[in-house]
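Take a look at the structure below.
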Amino acid sequence: MLSVLRVHLPSDIPIVGCELTPYVLLRRPDKTVTTDDVPESAPIDAHFLRYKWYRIQSDRKVAVCSVHPSEQATLQCLGCVKAKIPVAKSYHCSPKCFSDAWQHHRVLHDRAASAVNENGNEEEELFGRFNSSGSGVINAGLSGSASSPSLINGAAPLYPAAVAQRSGGETWFEVGRSKTYTPTADDIGHVLKFECVVVDAETKLPVGHPSTLLTSRVIPAPSPSPRRLIPVNGAEVMGHLDSDGRLSSSGTFTVLSYNILSDVYATSETYSYCPSWALSWPYRRQNLLREIVGYRADIVCLQEVQNDHYEEFFAPELDKHGYQALYKRKTNEVYNGNTHTIDGCATFFRRDRFSHVKKYEVEFNKAAQSLTDAILPTTQKKNALNRLVKDNVALIVVLEAKFSNQGADNPGKRQLLCVANTHVNVHQDLKDVKLWQVHTLLKGLEKIAASADIPMLVCGDFNSVPGSAPHALLAMGKVDAVHPELAVDPLAILRPYSKLTHQLPLVSAYSSFARMGVGLGMEQQRRRMDPTTNEPLFTHCTRDFIGTLDYIFYTADSLTVESLLELLDEESLRKDTALPSPEWSSDHTALLAEFRCKPRPRR
């Protein structure tokens with residue numbers, strides 16, 4: 001007969017909005033062991049499995065710490081209550097916790113005060129408006145009010161009126177009837193109970209005792225402080241958000257670039273400072289989606305997107321928000337793992353703002369093969385390819401805008417846009433390979449530019465700090481012949497150095513912060529910039545490395561920067577915390593810029 005051997009929950013802490021999927025080990029009638037589900041529609045030997053989830057609700061109300069969400073709160077900041085800051089952010093587990101977090105916490109107070117405009121209305125901030133209705137708010141009652149009957153977890157309404165059991169000051173509410181369950185805000189502070197039992201298919205009665213497990217208390221999904229769009233012209237207004245939360249300036253569009261940290265790299269060994277539950281993919285994917293959707297960018301360039309995560313999660317989820325998706329997986333000549341977990345570059349664009357015209361795929365492995373065939377003798381090819389073949393790729397997309405700023409005197413003129421999305425090789429001892437990859441990409445873009453009058457964006461994780469040879473090539477159009485990184489060229493692929501040029505008028509979008517005037521938030525952003533390179537102090541922040549690796553470059557003859565997403569600093573990242581963290585689910589930070597196409601002269 002079918003029997004349950006073990007039930008186990010991989011994630012140690014349940015988080016609002018993150019699906020829970022228990023591990024259920026079964027023994028079939030033939031004595032084989034499996035983890036496959038046995039639903040009522042496909043019974044085995046006239047038996048199937050029935051699942052139930054319960055919320056265990058104590059008569060004692062519980063709040064959780066906003067800094068250490070696995071700890072119970074013991075004090076509340078009354079300043080947050082008066083400022084109408086989401087109540088979940090007001091709780092702390094100890095006086096020391098509150099004291100240590102004060103530098104970050106007071107930013108919430110300052111923002112709440114500055115977010116009230118002259119009419120007394122609270123300003124809606126990018127990303128913050130999206131989160132404000134999310135899972136980070138603890139119900140004032142914490143005792144669990146009834147939820148909307150339209151919300152479903154499995155086959156049953158979330159919180160039916162029927163009470164399953166009451167014992168010793170605890171009440172069990174049935175909240176789900178499927179194997180998986182996604183905690184909601186009403187579950188915060190409560191323990192969940194999972195129940196699995198074998199059922200006779202004919203009588204529909206349980207056979208034997210149910211197997212159960214209890215979770216830790218459900219915690220709210222941490223929500224970081226909102227990041228605002230800062231106009232580079234020094235205007236005092238932070239931009240007007242339309243009904244969809246996007247900037248409604250006529251003729252402008254926004255572009256997001258973000259390395260989201262592939263799950264295969266997000267290990268506890270590498271990021272030992274991050275709680276294991278915050279590293280788990282079920283948590284990180286929801287947190288990343290919340291962040292990405294919250295920015296409401298017209299074009300989204302993501303790096304380190306696993307093949308399976310693109311197909312099963314990001315493409316379908318972002319489709320729901322109006323995005324069309326394009327993807328280029330890394331080649332797998334070097335990678336020897338599961339092909340489904342190879343990462344790549346994904347570009348999304350809003351269907352109501354752009355249409356797809358053409359797609360180009362750049363495989364640096366193929367370029368390496370062509371290079372070695374052309375310049376190296378056969379005896380040297382193997383060693384050369386071992387150095388050059390690193391599986392990196394770039395995805396180039398040509399889009400046509402469905403909006404225009406050309407004016408009535410130039411009607412019907414197509415507004416095209418070329419967007420390159422890449423992830424350059426990471427190894428620091430392969431500086432020649434990094435530079436060669438960037439040069440190869442730029443030469444490809446030059447060919448596109450020669451065939452059409454088209455604005456260009458070059459986005460991605462270049463794994464190159466400001467002032468490096470790849471950054472110099474991108475930003476200055478050339479590499480100085482005495483640049484120290486040119487000394488690393490064992491294959492002589494960079495020579496003559498005079499060829500390391502391009503004609504694209506590329507400028508780093510975030511360098512606009514260094515050129516902008518005086519205004520709200522300007523000085524604060526300048527303090528987060530490196531004055532010697534005019535780039536952010538960091539876009540990547542771990543215990544081992546803090547620096548800038550990510551950029552958005554644009555062609556300055558055809559595009560202008562209107563506004564930029566404010567930069568993070570150490571104060572925005574909790575004290576003694578690096579990335580990823582419970583608040584930010586990647587070791588990189590997102591970059592976002594708003595652009596306007598320059599009117600083209602009439603011909």
| said: Using 30° and 60° as the class boundaries, would you call the ring planes of Y283 and W277 parallel, tilted or perpendicular? | reply: perpendicular

| note | Contacts of D391 meeting salt bridge (charged side-chain N to carboxylate O under 4.0 Å, His left out) (sequence neighbours excluded), chain-then-number -> none

| To the nearest 0.5 Å, what is the distance between CG (L445) and CD (Q503)? | 13.5 Å

| query | Got a second to check how far L564's CG is from L229's CG, nearest 0.5 Å? | reply | 8.0 Å

| Cation over ring face, R351 and Y323, 6.0 Å, 45° | no

| message | For F253 and F403, take the angle between the two ring planes, folded into 0 to 90°, and tell me which bin it lands in: parallel under 30, tilted 30 to 60, perpendicular over 60. | response | tilted

| query | Will you find, in the side chains of Q306 and S262, an N or O donor that is under 3.5 Å from an N or O acceptor? | reply | yes

| request: Decide yes or no for P22 and H8: does some side-chain heavy atom of the first lie under 4.5 Å from some side-chain heavy atom of the second? | output: no

| said: Would you say Y265 and D343 are linked by a side-chain donor-acceptor pair, where the criterion is simply a distance under 3.5 Å? | reply: yes

| remark: Exactly one of T254, V232, T252 clears side chain to side chain contact (heavy atoms under 4.5 Å, CB included) with E562, and that residue is T252

| query | Are the aromatic ring centres of F314 and H309 under 6.0 angstrom apart? | reply | no

| Is the Y271 ring parallel, tilted or perpendicular to the Y273 ring (thresholds 30°, 60°)? | perpendicular

| So do the side chains of T555 and L506 get within less than 4.5 Å of each other, counting heavy atoms only? | yes

| task | Could you tell me the separation between the CG atom of L435 and the CD1 atom of I493, rounded to the nearest 0.5 Å? | result | 8.0 Å

| Under 3.5 Å, side chain of N365 to main-chain N/O of K390, donor-acceptor pair present? | yes

| Charged N-O contact under 4.0 Å between D373 and K381 | yes

| said: Using a 3.5 Å distance criterion without hydrogens, assess whether the side chain of K328 forms a donor-acceptor pair with backbone atoms of T422. | reply: no

| remark: Taken in chain and number order and not counting sequence neighbours, the residues that satisfy side chain to side chain donor-acceptor pair (under 3.5 Å) with Q324 are none

| Is there a side-chain contact between D432 and P490 (heavy atoms, below 4.5 Å)? | yes

| query | How are the rings of F348 and Y310 set to each other: parallel, tilted or perpendicular (split at 30° and 60°)? | reply | tilted

| field | Any residue meeting salt bridge (charged side-chain N to carboxylate O under 4.0 Å, His left out) with D429, in chain and number order, not counting sequence neighbours | value | none

| field | Trace of the salt bridge (Lys or Arg N to Asp or Glu O under 4.0 Å) decision for E361 with K359 | value | CA-CA 7 Å; E361 296 181 349; K359 170 185 174 184; 3.1 Å; yes

| message | For Y551 together with H471, are the ring centres under 6.0 Å from each other? | response | yes

| query | For A556, does its backbone N or O pair with a side-chain atom of K598 as donor and acceptor, under 3.5 Å? | reply | yes

| For the side chain of H502 and the backbone of L473, is there at least one donor-acceptor N/O pair under 3.5 Å apart? | yes

| message | Rounded at 0.5 Å granularity, tell me how far CG in N425 sits from NZ in K431. | response | 11.5 Å

| query | Got N421 and V458 here, is their nearest side-chain heavy-atom distance under 4.5 Å? | reply | no

| field | CA sep, side-chain torsions, deciding dist, call: R227, E566, salt bridge (Lys or Arg N to Asp or Glu O under 4.0 Å) | value | CA-CA 6 Å; R227 296 176 67 185; E566 68 177 333; 5.9 Å; no

| request: Test side chain to side chain contact (heavy atoms under 4.5 Å, CB included) on V479 and Y497 and set out the steps. | output: CA-CA 8 Å; V479 182; Y497 301 143; over 6 Å; no

| field | Pair H340-E311, side-chain donor/acceptor within less than 3.5 Å | value | no

| Are side-chain heavy atoms of L385 and N383 found at a separation under 4.5 Å? | no

| message | Under a plain distance cut-off of 3.5 Å, with no hydrogens placed, do N392 and Q437 share a side-chain donor-acceptor pair? | response | yes

| request: Carefully, step by step, assess R495 and D489 under the rule salt bridge (Lys or Arg N to Asp or Glu O under 4.0 Å). | output: CA-CA 8 Å; R495 301 168 195 162; D489 187 19; 3.4 Å; yes

| Under 3.5 Å, side chain of Y295 to main-chain N/O of L591, donor-acceptor pair present? | no

| query | Side chains of S585 and E291: do they bring a donor and an acceptor to under 3.5 Å? | reply | no

| message | Could you check, using the six-membered ring where one of them is a Trp, whether F595 and Y554 have ring centers closer than 6.0 angstrom? | response | yes

| What orientation do F553 and F462 show, parallel under 30°, tilted 30 to 60°, or perpendicular over 60°? | perpendicular

| field | Pair Y327-T347, side chain to side chain contact (heavy atoms under 4.5 Å, CB included): steps then yes or no | value | CA-CA 6 Å; Y327 183 70; T347 298; over 6 Å; no

| message | Is the shortest side-chain heavy-atom distance between M456 and I448 below 4.5 Å? | response | yes

| query | What pair of heavy atoms forms the shortest contact from Q286 to G17, and how long is it? | reply | CG-O, 3.3 Å

| field | Derivation of the side chain to side chain contact (heavy atoms under 4.5 Å, CB included) call for R596 and L559 | value | CA-CA 6 Å; R596 183 186 298 277; L559 295 168; over 6 Å; no

| said: For the residue pair D550 / T539, report whether a side-chain donor-acceptor contact shorter than 3.5 Å exists. | reply: yes

| Contact check, side chains of L430 and K434, non-hydrogen atoms, under 4.5 Å | no

| query | Counting distance only, does the side-chain N/O of H439 pair as donor-acceptor with the main-chain N or O of K499 below 3.5 Å? | reply | yes

| About how many Å separate CG of L279 and OG of S268, when rounded to the nearest 0.5 Å? | 5.0 Å

| Donor-acceptor pair between R284 and N287 side chains, under 3.5 angstrom | no

| Within the side chain of S370, is there an N or O that forms a donor-acceptor pair under 3.5 Å with the backbone of K366? | yes

| Has the side chain of H483 got a donor or acceptor atom that lies under 3.5 Å from a matching backbone atom of G467? | yes

| So S508 and E535, side chain to side chain donor-acceptor pair (under 3.5 Å) or not? Walk me through it. | CA-CA 8 Å; S508 174; E535 295 287 3; 2.9 Å; yes

| query | Between S581 (side chain) and A578 (backbone), is there a donor-acceptor pair under 3.5 Å? | reply | no

| field | Side-chain heavy-atom pair L537, D569 within 4.5 angstrom cut-off | value | no

| query | Do any N or O atoms from the side chain of R296 and from the backbone of G294 form a donor-acceptor pair under 3.5 angstrom? | reply | yes

| request: Any chance you could measure L261, atom CG, to D587, atom CG, to the nearest 0.5 Å? | output: 4.5 Å

| query | At their closest point, which heavy atom of S257 faces which heavy atom of C459, and how far apart are they? | reply | OG-CB, 3.7 Å

| Are T542 and D544 close enough that a side-chain donor and a side-chain acceptor fall under 3.5 Å? | no

| Should E317 and R285 count as an ion pair when the cut-off is N to O under 4.0 Å? | no

